[in-house]
Colleague: 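Got a structure for you, questions after.
Model, not experiment: these values are computed from the prediction.
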Amino acid sequence: MTTTEASRGAVLGPTASSGAFAPGRTLRQGRKVLPEHARAHNRALLLQTLFHQGAMSRADLSRETGLTRVTISDLVAELITEGFIAEIGTREASGPGKPAILIDLDRDGHRIVGIDLSGSDVIIGAVLTFDGEVVARREVPLPPHDTVVQTVVALARELVADAHAPVLGVGVGTPGVVDDRGVILTAPNFGWAGFDLEGALREALDLPVLVANDANAAVLAEYTFGEAADDVLLVKVGRGVGSGLLAAGQPMRGSRFAAGEIGHVTVGTDGGPQCVCGKVGCLEAWLSVPSLSARLSEATSDEREGVLRDAGERLGIALAPVVGALDVSEIVLSGPAELLDGVLALQTAATLRSRTLAPFHDRLRVRMSAQGEDIVLRGAAVMVLSGQLGVS
């Protein structure tokens, strides 16, 4: 990585856009850069270290980050003043000398507001801690398309008022193709095309706002708060089907910001159900919650397993080229466990093994996310943490 590339991973200011999905952004930084780029990067490096490793002394931070003690002391003083870290007491003495003072992120000093627009009939909002814990939650019915923005603004204002701490920013996960500035290039479910949702919300709320595709937000939650490695593909199944992808810890957006739009990939040459897009046999027509639930409701008890196996096979067919091209280490499924876990996930894994190079992909893991229904909200929190503090 060049010095210029490394510097792009440094802290973004309150008006910067799209956090972890900004151009060239690497989620986790682990080394120093040259002096002209150093301060913002080193600040993010210090915060990142505390975020993942917990309380430590200034001397510990110097050893862990490779930064000088003078630099650490200067940054710690600045971040204490800003309310992002705090001294939390002294370490128990183990020898002569003054006990070390421990510092940590002030995890209760700020809050984050997350908004999830991916639901089929509700908009969900929450106040979250830096650790992704939901401390307040609201749901409102999904309104007509022409009042969605007003509804989101009203919900966000209500959550900000309920935060009881300064709000670091607002993260929004939405269906559709979203560019790196939070502009919705297309979201048919809301009738949006070329709509600057991020700008509209930032102007209305007077807070930092970051907007990303809901599956891209979800994979960030799995990466930061879950078990995901640096190379992972998360498939989010709900009203539609989409995916979020990290390669070497880097979010993949694609040349037209449509990476992960697998829902309308045609799977198989044997026809299939009619998709809402007009094509026949799209993955979404086989796998979305409404489509799969409808087929299961029509099946007999003896036929249900076959329906789930078929859906799992179709998913494996769609994912095999991605696995072969990118060599991801695991596939994570996010959605209703009663549909995705068990038969469907096992069949997906079996299909992937049969359609990729066996010596390299035999151990590919297909598993359910443990993030539950709050995965997009938690991913929205990571977007804000990454965009505002360089932490993920």
Side-chain angles (χ1 to χ4, degrees), residues 6-17 19-20 22 25 27-91 98-114 127-133 135 159-171 202 205-210 224 380-392:
S7 70
R8 290 174 183 155
V11 156
L12 302 178
T15 60
S17 294
R25 181 159 181 78
L27 286 177
R28 295 178 185 169
Q29 297 298 320
R31 59 177 179 172
K32 295 182 289 184
V33 294
L34 294 179
E36 58 265 35
H37 307 296
R39 187 167 188 82
H41 176 88
N42 292 342
R43 175 183 161 110
L45 180 58
L46 184 156
L47 290 167
Q48 180 82 5
T49 302
L50 292 174
F51 181 75
H52 285 285
Q53 298 189 37
M56 58 181 67
S57 69
R58 290 167 174 78
D60 295 332
L61 274 169
S62 179
R63 285 190 292 270
E64 288 293 328
T65 62
L67 302 174
T68 67
R69 293 196 180 194
V70 171
T71 298
I72 290 293
S73 293
D74 184 30
L75 290 173
V76 165
E78 176 183 287
L79 289 164
I80 287 176
T81 299
E82 294 176 11
F84 291 120
I85 65 176
E87 294 181 339
I88 60 170
T90 58
R91 177 182 291 148
K98 185 178 179 181
I101 297 174
L102 297 177
I103 59 175
D104 197 1
L105 284 181
D106 187 354
R107 298 172 194 267
D108 291 321
H110 289 77
R111 292 286 187 256
I112 298 169
V113 169
V127 178
L128 300 101
T129 68
F130 280 7
D131 293 322
E133 178 187 355
V135 295
L159 291 164
V160 168
D162 204 25
H164 305 299
V167 172
L168 185 64
V170 179
R202 186 185 299 118
L205 297 170
D206 195 27
L207 284 168
V209 177
L210 298 165
T224 299
V382 179
M383 288 158 50
V384 174
L385 283 169
S386 180
Q388 295 301 107
L389 300 180
V391 168
S392 61

Colleague: If I take atom CZ from residue R107 and atom CD from residue E133, how far apart are they, to the nearest 0.5 angstrom?
Modeller: 12.0 Å
Colleague: So which heavy atom on I88 is nearest to which on D104, and how close?
Modeller: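 Smallest heavy-atom distance, with atoms named: CD1-CB, 4.1 Å.
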Colleague: Return each pair, listed once, that meets ring pair (Phe, Tyr, Trp, His ring centres under 6.0 Å) where at least one residue sits in residues 62-82; pairs must be two or more places apart or across chains.
Modeller: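 Listed by first then second residue: nothing to list.
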Colleague: D108: which residues meet the side-chain hydrogen bond (donor to acceptor under 3.5 Å, both in side chains) condition with it, sequence neighbours left out?
Modeller: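 Not a single residue meets the side-chain hydrogen bond (donor to acceptor under 3.5 Å, both in side chains) criterion with D108.
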Colleague: Can you list every salt bridge (Lys or Arg N to Asp or Glu O under 4.0 Å) pair that touches residues 44-59, not counting sequence neighbours?
Modeller: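 Listed by first then second residue: R58-E87.
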Colleague: Nearest 0.5 angstrom please: S386 OG to Q48 CD, how far?
Modeller: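 Spacing of OG (S386) from CD (Q48) equals 8.5 Å.
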Colleague: Using ring-ring contact (aromatic ring centres under 6.0 Å, His included) as the criterion, list what pairs up with F130, not counting sequence neighbours.
Modeller: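 ring-ring contact (aromatic ring centres under 6.0 Å, His included) list for F130, sorted by chain: empty.
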Colleague: List the residues meeting side-chain contact (heavy atoms from CB on, under 4.5 Å) with Q53, not counting sequence neighbours, and say none if there are none.
Modeller: T49, M56, E64
Colleague: Just jot down the side-chain contact (heavy atoms from CB on, under 4.5 Å) partners of T90, sequence neighbours excluded, or say none.
Modeller: P99, I101
Colleague: First locate atom CG of L61, then atom CD1 of I103, and finally report the distance between them rounded to the nearest 0.5 Å.
Modeller: 4.5 Å
Colleague: With sequence neighbours left out, what residues match D106 under side-chain hydrogen bond (donor to acceptor under 3.5 Å, both in side chains)?
Modeller: none
Colleague: What pairs with S62 under side-chain hydrogen bond (donor to acceptor under 3.5 Å, both in side chains), at least two apart in sequence or on another chain?
Modeller: none
Colleague: Suppose we screen for side-chain hydrogen bond (donor to acceptor under 3.5 Å, both in side chains). Which residues come up paired with R69, at least two apart in sequence or across chains?
Modeller: none
Colleague: Under the side-chain contact (heavy atoms from CB on, under 4.5 Å) test, which residues partner D74, sequence neighbours left out?
Modeller: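 Counting only residues at least two positions away or on another chain, D74 forms a side-chain contact (heavy atoms from CB on, under 4.5 Å) with R39.
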Colleague: What residues, two or more places apart in sequence or in another chain, satisfy side-chain contact (heavy atoms from CB on, under 4.5 Å) together with V167?
Modeller: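 Listed in chain order: V113, V160, A163, L207.
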